[in-house]
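First comes the structure, then the notes that go with it.
In the text below, chain A, chain B and the rest are named by the order of the sequence lines, each starting its count at 1.
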Protein chains: 2
Amino acid sequence: MSTRAEVLDLAVLGRLATAPMHGYELRKHLGATLGPVRALSYGSLYPSLRRLTDAGLIAEVRTATTPPHALSGRRARIVYELTDAGRVHLAEVLAHAEPAAWDDDAFTVRFTLFAATDARTRLRILEGRHARMVERLDLLRGSAARTRERMDSYTAELARYGLEQAEREVAWLEDLIDTERGTRGPLDLRPATDGGPPRTSTAGATGVPDIPNPKEQL
Amino acid sequence: MSTRAEVLDLAVLGRLATAPMHGYELRKHLGATLGPVRALSYGSLYPSLRRLTDAGLIAEVRTATTPPHALSGRRARIVYELTDAGRVHLAEVLAHAEPAAWDDDAFTVRFTLFAATDARTRLRILEGRHARMVERLDLLRGSAARTRERMDSYTAELARYGLEQAEREVAWLEDLIDTERGTRGPLDLRPATDGGPPRTSTAGATGVPDIPNPKEQL
DNA sequence: TCTGCCATGTAAGCCGTTACATGATTTT
DNA sequence: AAAATCATGTAACGGCTTACATGGCAGA
């Protein structure tokens, strides 16, 4: 679960769990949810489908309406669906929260699959991500303070903007965590050993609108 | 100026223009300005120094205080400085603003070198970047609107956050542009042909603090 | 008819991180 | 005395983007 390819595979598997799809469609959907900006290329998508097929986690759908390679509508589209093994594997992966789950790219993918993740795991991932971002924020603040005098205005402004962005992401995560806890963050007793921040609590009413009771497993 | 390596080379060249430095130091500085998060690895830095040396744009400094490979302090550190050709080349690159200059990574590097860039080029790069981000923002809004119904709360929340971030970057750029123009944006007459936005103007007093009169060329 | 979108793949090139190799100096 | 930091490189592996190959269908 640490390599890029594995993260992509998880995204594909998770998307196919919702509905069977063919490659082209999948690309559009993933591009939409993971950021329309970096629409992943076929050069990585199709190999991913191949890997998952070889692993027996997904399989081509063969229905009466789509005879294999026949001259039915358009070109022979290959629709993929999860196999039973795929369902089991997905459930297993979604059930535990390793540190790899809060890496930059993995976190986004895991977050888009929160609807199929149980509440405890969701919380643990959010907290892990939060800790990671706070750590990063401290680094930023430190280096900004250290080099402030030596920087020209533009470099300083860039640093300021970067800091602002990081602070906002931390605040966003805190909102999400509060919402998940349901407690709306009265006061949490984290030991200050690990660099836990004093909780600035910029959090407003910006939390997740309406969280459904998600199906516990998949 | 489009490949990643060229962008990195520019960053290195620009940094060395300010002060001669050795590789290890360079890595720290670049890591600090371009984001302490992704401290670039030696695996890309040293090859870059090699390329620039081969191209004759930088050269090792040989001073009396640092005899080559002798047992003077520490290990033989190789300090690099710009050659005359390097200075000329840097000035040329910084003088013009191609579309490649507002790509994600290139923009950051160009921005950190704004102190050595003339005002007109600065403005053109900021405007190019702004147009790019507005375009991206429209894409985001479009796909968000299209898929809103089909999304679960978490995916929707992620999309909302992404949109918010993009809006903030656009606002940031507008602030910078206004500051550069000196006019503080009374009303600019852009034709609506190109998808120019109605200028929401969230811009407050968040602009660049004090922009110095930068040395015009390097 | 031609452009553009749908649709699936493959191959190559680029490049960046990671790990390894080496060794001195400073700090704990 | 060990650990961390300074310091410079090389090699290999991973993997993503880009371009190419192919072809059907729909609308202008």
State, to 0.1 Å, how close A:Leu13 and A:Leu57 come at their nearest heavy-atom pair, and which atoms those are. CD1-CB, 4.1 Å

In whole Å, I'd like the distance from the CG atom of B:Leu40 to the P atom of D:dG9. 15 Å

Donor-acceptor check, side chain of A:Thr117 to backbone of A:Leu113, threshold 3.5 angstrom: yes or no? yes

salt_bridge(B:Glu157, B:Arg160) N-O dist < 4.0 Å: yes

Could I get the full list of salt bridge (charged side-chain N to carboxylate O under 4.0 Å, His left out) partners for B:Arg51, not counting sequence neighbours? B:Asp9

B:Tyr42 side chain, from C-beta outward: closest of C:dA7, D:dG15, D:dG9: D:dG9

Once you apply a heavy-atom cut-off of 4.0 Å, does B:Gly43 come out as touching a base, just sugar-phosphate, or nothing? base

If I take atom CG in residue B:Leu49 and atom P in nucleotide D:dT10, what distance separates them, rounded to the nearest angstrom? 11 Å

Of the nucleotides D:dT8, C:dT17, C:dC6, which one has an atom closest to the side chain of B:Tyr24? D:dT8

Taking the side chain of B:Thr3 as its heavy atoms from C-beta onward, which of C:dG9, C:dC15, D:dC6 lies nearest to it? C:dC15

Report the distance from atom CG of B:Leu26 to atom P of D:dT8, rounded to the nearest whole Å. 10 Å

Rounded to the nearest angstrom, tell me the gap between atom CZ in B:Arg50 and atom P in D:dA11. 11 Å

Nearest to the side chain of B:Leu8, heavy atoms from C-beta on, is which of C:dT18, D:dG15, C:dG16? C:dG16

When rounded to whole Å, the CG to P distance for the pair A:Leu45 and D:dT18 reads 16 Å

How long is the line joining CG of A:Asp54 and P of C:dG9, in whole Å? 12 Å

B:Arg110 side chain to B:Leu94 main-chain N or O, any donor-acceptor pair under 3.5 Å? yes

Rounded to the nearest Å, what distance is computed from the CZ atom of residue B:Arg27 to the C1' atom of nucleotide D:dT5? 12 Å

Do we see a donor-acceptor contact under 3.5 Å between the side chains of A:Arg77 and A:Tyr24? no

Can you figure out which of C:dG9, C:dT10, D:dT8 approaches the side chain of A:Ile78 most closely? C:dG9

When you get a sec, tell me which of C:dG16, D:dT8, C:dT8 is the closest nucleotide to the side chain of B:Ser44? C:dG16

Whether A:Trp172 and B:Tyr161 hold their rings parallel, tilted or perpendicular, with breakpoints at 30° and 60°: parallel

Would you say a side-chain N or O of B:Arg77 is under 4.0 Å from OP1 or OP2 of D:dA7? yes

Could you tell me how far apart B:Arg51 (CZ) and D:dG9 (P) are, to the nearest whole angstrom? 14 Å

Counting heavy atoms from C-beta on, name the nucleotide in C:dG16, D:dG15, C:dT17 closest to the side chain of A:Ala5. D:dG15

For the helix from C:dT1-D:dA28 to C:dT28-D:dA1, how many degrees between its two end axes (five pairs per end), to the nearest 10°? 40°

